[in-house]
Amino acid sequence: EAAADLRRVAVFGATGSIGASTLDVIARHPLRYQATVLAAGRQVQALLALCRQHRPAHAVIADETLYAELRDGLREAGLATQAHAGHAALDQLAASDACDTVVAAIVGAAGLSSTLAAAAAGKRILLANKESLVLAGELLTRTAERAGAEIIPIDSEHSAIFQCLRSRDASLDGAGVRRILLTASGGPFRGRSRAELQQVTPAQAVAHPKWSMGPKISVDSATLMNKGLEVIEAHHLFGIPGERIEVLVHPQSLVHSLVEFVDGSTLAQMGLPDMRTTLAVGLGWPQRIESGVSGLDLLAQGRLDFEAPDTDAFPCLALAWQAMRAGGTAPAVLNAANEEAVSAFLQGRIGFLTIPTLVANALSTLPTEPADTLEVLLSADQRARQLTLNAIAAT
Ligand code: NAD
Ligand code: MG
């Protein structure tokens, strides 16, 4: 590994779960990758700890009121790291010479702006922030294409599909693809009826059986909204119509997704449920690099099960299909209403089953408009948030 090949990586969402997995893989290859920009939302002390460990050139805290704490902390640690704050700084660093690769791992629509900035600047984007594709999929993929930015999915299912296709450029028809089978673990409440979901708590919802993830995506996995967002994500990443995407519940989470070809052949990608594999694929592609994850012991695992999703107990999946079919601003509305509903659920303000009710309410109340500009999408996002917050306040 020669220093001339050194890749400079900006990690947006460095203090989160994906951020930690990214920095773990980077630290295994010090001559090949360097974390040059680390960014977080509000966790300034956690960000400072990461700066002491990884010594980036730049550190950004999105919450501007925390700027002085970051700057002083860096100074006290004797680091040369430059302190920045605010969303404009995120956008500017995403597009700057400080990095050639951007790991987009901010949670929620808050990640869209910096992801778009990285796309417009032609960076390699390791895209974990699926909400940006749901909110502005066409705009983001078009921007990336025009600027020659490479988007590599950091979602285990989409990485699986990417690996089965062996190239992000393979157009699906050209590659002879008949359909995509997205696997889902089923989350912590798999097998429960609607009635049994009435009283579940945030602590139960975030205790995912197979993956260790941030609180928002953990709740999304429990409602199956995560799989709905992933169907929309796959549609944009691989240019495949929704009718050719199918969801399969696979509780062992070892088969990360499958691609079926026109000749009847089906390829699956397998591995332990550990995002470091996915991140190593993105960082190294088209080469393979060490991730710290061991291989599968299939004899110890014993079996692989598959079942259909229960759309009665988990209506969020159907809501996402509905929004994708409606197109235009509907996916932006779905995403925004879901973000506000999940946040209220995590704060104990609404019950688990109110999440799909609020999302359905936003989709049926707000008219779907053609989504040709960022302004239209962001305004739909804002209206859906306001509507949902009002509905929460009224409960
Ligand atoms: P997390 O909650 O653990 O981390 C979120 C990160 O985003 C933190 O660093 C936080 O400081 C930062 N952040 C939050 N709000 C911000 C804002 N307004 N501005 C700037 N930074 C902000 O979440 P996570 O589990 O790491 O997930 C991150 C993204 O990756 C999500 O979009 C999620 O859907 C996706 N993803 C995660 C996993 C996983 O295994 N964790 C798998 C697939 C996809
Ligand atoms: Mg996933």
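This one's a predicted model, so the numbers in the text were calculated from it and none came from an experiment. Indexing begins at 1, ligand by ligand and atom by atom, following the structure's order.
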Which residue and heavy atom of the protein sit nearest [atom], plus the separation:
atom: atom 19 (N) of ligand 1; value: His87 NE2, 3.2 Å
atom: atom 12 (C) of ligand 1; value: Gly41 N, 3.8 Å
atom: atom 25 (O) of ligand 1; value: Gly214 N, 2.8 Å
atom: atom 26 (O) of ligand 1; value: Ile18 N, 2.9 Å
atom: atom 33 (C) of ligand 1; value: Ile217 CD1, 3.9 Å
atom: atom 28 (C) of ligand 1; value: Ala105 O, 3.4 Å
atom: atom 41 (N) of ligand 1; value: Ser17 OG, 3.2 Å

Looking only at side-chain N and O atoms, does [Y] offer a donor or acceptor that is under 3.5 Å from a partner on [X]?
X: Thr101; Y: Arg7; result: yes
X: Asp91; Y: Ser113; result: yes
X: Ser159; Y: Gln163; result: yes
X: Gln347; Y: Ser343; result: yes
X: Ser132; Y: Asn129; result: yes
X: Asp220; Y: Asn338; result: yes

Nearest heavy atom to atom 16 (C) of ligand 1, choosing from Asn226, Ile106, Val107, belongs to Ile106
Among Lys130, Glu131, His208, which one puts a heavy atom closest to atom 32 (O) of ligand 1?
Glu131
Please could you name the atoms of ligand 1 that [X] approaches to less than 4.0 Å, counting only its heavy atoms?
X: Ala110; result: 17 (C), 18 (N)
X: Asn129; result: 32 (O)
X: Gln43; result: 10 (C), 11 (O)
X: Ala40; result: 11 (O), 21 (N)
X: Met275; result: 40 (O), 42 (C)

Looking only at N/O atoms, are [X] and ligand 1 under 3.5 Å apart anywhere?
X: Gly16; result: yes
X: Asp155; result: no
X: Trp211; result: no
X: Thr15; result: yes

Is a salt bridge present between Arg303 and Asp305, judged by a nitrogen-to-oxygen distance below 4.0 Å?
yes
Taking NZ, NE, NH1 and NH2 as the nitrogens, is one of them in Arg383 or Glu369 under 4.0 Å from a carboxylate oxygen of the other?
yes
So how far is it from Thr15 OG1 to Ile61 CD1, rounded to the nearest 0.5 Å?
7.0 Å
State the CZ-CG distance between Arg42 and Leu47, to the nearest 0.5 angstrom.
14.0 Å
Which bit of [X] is near ligand 1, meaning a heavy atom under 4.0 Å away: side chain, backbone, both or neither?
X: Ala14; answer: backbone
X: Ala62; answer: side chain
X: Ala128; answer: both
X: Met213; answer: both

Say whether Gly19 and ligand 1 are in contact under the criterion: heavy-atom distance to a ligand atom below 4.0 Å.
no
Looking at ligand 1, would Lys216 count as a contact under a 4.0 Å heavy-atom criterion?
no
Between Phe352 and Phe345, what is the ring plane arrangement, given parallel below 30°, perpendicular above 60°, and tilted in between?
perpendicular
Atom name, Asp155 (N, O or S, nearest to the Mg ion (ligand 2)):
OD1
Minimum heavy-atom distance Arg55-Leu79, with the two atoms named:
NH1-CD2, 3.3 Å
Between Glu145 and Arg142, does a salt bridge (charged side-chain N to carboxylate O under 4.0 Å, His left out) hold up when you go through it step by step?
CA-CA 5 Å; Glu145 210 169 301; Arg142 204 188 323 131; over 6 Å; no
Checking salt bridge (charged side-chain N to carboxylate O under 4.0 Å, His left out) for the pair Glu290/Arg28: CA distance, chi angles, key distance, verdict?
CA-CA 8 Å; Glu290 292 274 352; Arg28 291 168 194 276; over 6 Å; no
Round to 10° and report the angle made at the Mg ion (ligand 2) by OE1 of Glu157 and OE2 of Glu230.
100°
In sequence, state the C-alpha distance, the side-chain angles, and the governing distance for Glu307 and Arg190, and then conclude on salt bridge (charged side-chain N to carboxylate O under 4.0 Å, His left out).
CA-CA 11 Å; Glu307 58 194 56; Arg190 184 178 62 89; 3.3 Å; yes
